[in-house]
Enquirer: 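Shown below is the structure under consideration.
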Amino acid sequence: MTKETIAERKNDHLDIVLDPRRACSAVDPGYAALTFEHCAVPELRLDDIDIRAVLFGRPLSAPLLISSMTGGAVRATQINRNLAEAAEVLGIALAVGSQRIALETDADQGLTRQLREFAPSIPLLANFGAAQLVAGYGLDEAQRAVDMIQADALIIHLNPLQEAVQVGGDRNWIGVYAALEALALRLPVPLVAKEVGAGISPSVAQRLLDAGVSVIDVAGAGGTSWAAVEAERTLDPQQRAIAKAFTGWGIPSAQAISAVRRACPAAQLIASGGIRDGIDAAKAIRLGANLVGQAAGVLDAALIGPEAVVEHFQVLIEQLRIACFCTGSANLAELAKAPLLAPFDPSKL
């Protein structure tokens, strides 16, 4: 694929994701079905609630990650700067979008060491796709991606559905586990395996961990659907029909978190996919997530400036803190055990 084609595709992606009507999954992420048991007497001071977390040895003021969302468009340079500056102010982690263009061309899209200068204290996560590992990427490209932004870890994103429905997508996924295992043995920073909106199953999560991956981002269905995005991009009616059939495909986010946590009790889990607000974030933590990621939900703010991004996440953080308060949870460990109401069945009254 040419430089121009990749850049045009990424720019299309950005335009489509900015319109939720065009990009939203047909899957319910599952958070609405969960209801916390309200604690009418929390015996806590709201301001004392501790929602701090740690990722790759760096402290976080809240268990939040700005998830990967850009990687090719020229305007990504300003978006990446806005996100980095905001993440530093907020004390939360930042994952960049795919670095494939920056690795293969002279278009860095703002993914340089300057990004670390904007965000000196937070966890920064580099990123490229698993399909590139099969196509020939190895330790050299991985190290370059990490060095490019002085990252604390490298995300390998898993997007087989998107590649399958994308015109010219990468169809060969044979050898991904072996490539991950070889990379994990030699790369000096941790690997993160991240889906892009169809979810990671317990069996795949375990195989990824066995291959040396340190963190799993389940990225379940319920947020952006990349099948929907690719359906919007194509002008071929047949290809559009193929892609649109998969807009309801995937493991709902809430279900993916819970299932992977049960199967992999010691794993470091990130929950993303359909996180709308701090209450959803609280529910994700209750289901077993250590951190919560959001991408499309903050993209509008990222186009405005770092202040808008800060304001967006300040709202989410306060919602999360109040959810802790109203469940009687003094910290995230207690929130992870907060009682949930059983489904209400009027017939049993």
Side-chain angles (χ1 to χ4, degrees), residues 50-69 71 80 83-99 111-130 133 139 141-158 180-181 183-196 200 205 208-219 257 260-261 264-272 275 281 284-285 288-295 313 317 320 331-333 336:
D50 184 2
I51 59 169
R52 292 175 297 173
V54 176
L55 181 64
F56 306 127
R58 291 185 184 262
L60 300 173
S61 64
L64 299 176
L65 166 72
I66 303 177
S67 293
S68 311
M69 68 179 81
N80 285 323
L83 293 175
E85 290 182 357
E88 179 68 23
V89 170
L90 292 159
I92 63 176
L94 171 63
V96 302
S98 174
Q99 291 168 267
L111 299 174
T112 68
R113 293 194 178 193
Q114 190 176 40
L115 204 67
R116 174 56 82 187
E117 293 174 11
F118 296 139
S121 69
I122 63 163
L124 277 180
L125 284 64
N127 179 11
F128 61 71
L133 284 177
L139 179 63
E141 290 80 6
Q143 191 65 62
R144 284 170 55 209
V146 169
D147 292 345
M148 192 181 296
I149 60 170
Q150 295 186 324
D152 298 283
L154 173 64
I155 292 174
I156 303 296
H157 68 258
L158 312 171
L180 283 170
E181 187 169 6
L183 189 57
L185 287 172
R186 301 176 66 192
L187 191 68
V189 300
L191 291 180
V192 179
K194 169 190 170 54
E195 237 289 346
V196 301
I200 292 179
L208 290 166
L209 293 168
D210 291 345
V213 167
S214 297
V215 179
I216 303 290
D217 184 341
V218 299
I257 300 162
V260 172
R261 173 53 70 207
C264 309
Q268 181 90 346
L269 297 186
I270 300 172
S272 61
I275 298 291
I285 291 167
N290 301 103
L291 264 74
V292 178
Q294 189 183 54
F313 278 109
I317 289 168
L320 173 59
N331 50 50
L332 296 177

Enquirer: Apply side-chain contact (heavy atoms from CB on, under 4.5 Å) to L115 and L111, showing your working.
Expert: CA-CA 6 Å; L115 204 67; L111 299 174; 4.2 Å; yes
Enquirer: Under 3.5 Å, side chain of Q99 to main-chain N/O of N127, donor-acceptor pair present?
Expert: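 Between the backbone of N127 and the side chain of Q99 there is a qualifying donor-acceptor contact (under 3.5 Å).
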Enquirer: Does L183 reach the side chain of L139, with side-chain heavy atoms less than 4.5 Å apart?
Expert: yes
Enquirer: A side-chain contact here means heavy atoms from C-beta on lying under 4.5 Å apart; do S68 and H157 qualify?
Expert: no
Enquirer: Would the distance check show the side chain of R113 and the main-chain N or O of D147 forming a donor-acceptor pair, the cut-off being under 3.5 Å?
Expert: yes
Enquirer: Would you indicate whether the side-chain heavy atoms of V215 and N290 approach each other to under 4.5 Å?
Expert: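 No, their side chains stay 4.5 Å or more apart.
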Enquirer: At their closest point, which heavy atom of V260 faces which heavy atom of I200, and how far apart are they?
Expert: CG2-O, 3.3 Å
Enquirer: Are Q143 and L187 packed together at the side-chain level, in the sense that at least one heavy-atom pair is separated by less than 4.5 angstrom?
Expert: yes
Enquirer: Under 3.5 Å, is there a donor-acceptor pair between the side chain of R52 and the main chain of L332?
Expert: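 Here the side-chain-to-backbone pair does not exist.
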Enquirer: Can you find a pair of side-chain heavy atoms, one from V292 and one from L320, that are under 4.5 Å apart?
Expert: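 Counting from C-beta outward, V292 and L320 never come under 4.5 Å.
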Enquirer: Return the CD1 to CG distance between I66 and N80, rounded to the nearest 0.5 Å.
Expert: 10.5 Å
Enquirer: Check this for me, if you would: do D152 and R116 make a salt bridge, where the nitrogen-to-carboxylate-oxygen distance has to be below 4.0 angstrom?
Expert: yes
Enquirer: To the nearest 0.5 Å, how far apart are CG in D217 and CD1 in I270?
Expert: 5.0 Å
Enquirer: Taking the side chain as every heavy atom from C-beta outward, state whether Q268 and P190 have any atom pair closer than 4.5 Å.
Expert: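 Q268 does not reach P190 side chain to side chain.
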Enquirer: Name each donor-acceptor pair under 3.5 Å that joins a side chain in residues 87-95 to protein atoms two or more places apart or in another chain, with its distance.
Expert:
| from | atom 1 | to | atom 2 | distance (Å) |
| --- | --- | --- | --- | --- |
| E88 | OE1 | S121 | N | 3.1 |
| E88 | OE1 | S121 | OG | 3.2 |
| E88 | OE2 | S121 | OG | 2.7 |

Enquirer: My understanding is that only residues two or more places apart in sequence, or in another chain, count here; which of them pass ring-ring contact (aromatic ring centres under 6.0 Å, His included) with F128?
Expert: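 Listed in chain order: Y137.
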Enquirer: If you count the non-hydrogen atoms of other residues, nucleotides and ligands that lie under 6.0 Å from CZ in R186, is the total more than 12?
Expert: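 Open: at most 12 neighbouring heavy atoms sit under 6.0 Å from CZ of R186.
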